[in-house]
Amino acid sequence: MNDKTEPITLKGLTWAHPRGYDPLVACASRYAQLSGHVRIEWRQRSLHDFGAAPI
């Protein structure tokens, strides 16, 4: 990787509960530190919306 490498942002969707969200955010933060150019953003959705709402 060189200084001209564009940052990469990945987006994910998870359950709106600490058991679903907190571990993913912690891992994403650590991965961003290690990779230096990959960032992961997590959106939260209620458990009901996983089955009833469109993505």
Side-chain angles (χ1 to χ4, degrees):
M1 183 173 88
N2 59 43
D3 291 338
K4 295 181 181 183
T5 302
E6 293 292 320
I8 297 169
T9 300
L10 304 174
K11 296 182 180 188
L13 182 62
T14 186
W15 178 34
H17 188 281
R19 287 185 291 166
Y21 182 72
D22 292 350
L24 294 174
V25 171
C27 288
S29 175
R30 182 65 177 137
Y31 188 77
Q33 291 173 352
L34 294 172
S35 73
H37 70 284
V38 177
R39 203 173 122 223
I40 305 170
E41 296 175 358
W42 289 101
R43 278 190 8 221
Q44 298 179 48
R45 188 179 265 200
S46 72
L47 189 57
H48 175 267
D49 285 348
F50 267 102
I55 294 178

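Within the structure, the side-chain hydrogen bond (donor to acceptor under 3.5 Å, both in side chains) test picks out the following pairs touching residues 15-34 (sequence neighbours left out): R30-Q33. Note on residues 43-55: no pairs pass salt bridge (Lys or Arg N to Asp or Glu O under 4.0 Å), not counting sequence neighbours.
In the hydrophobic clustering of this structure, V38 groups with V25; members are Ile, Leu, Val, Met, Phe, Trp, Tyr whose side-chain heavy atoms approach within less than 4.5 Å, directly or through other members.
With values rounded to the nearest 0.5 angstrom, T14 atom OG1 is found 6.0 Å from W42 atom CH2.
Not counting sequence neighbours, the partners of R39 by the salt bridge (Lys or Arg N to Asp or Glu O under 4.0 Å) test are E41. A search for side-chain contact (heavy atoms from CB on, under 4.5 Å) contacts involving A52 returns H48, not counting sequence neighbours.
In terms of heavy atoms, H37 sits closest to E6 at CD2-O, 4.3 Å. Nearest approach of S46 to A16, heavy atoms of both residues: N-CB, 4.1 Å.
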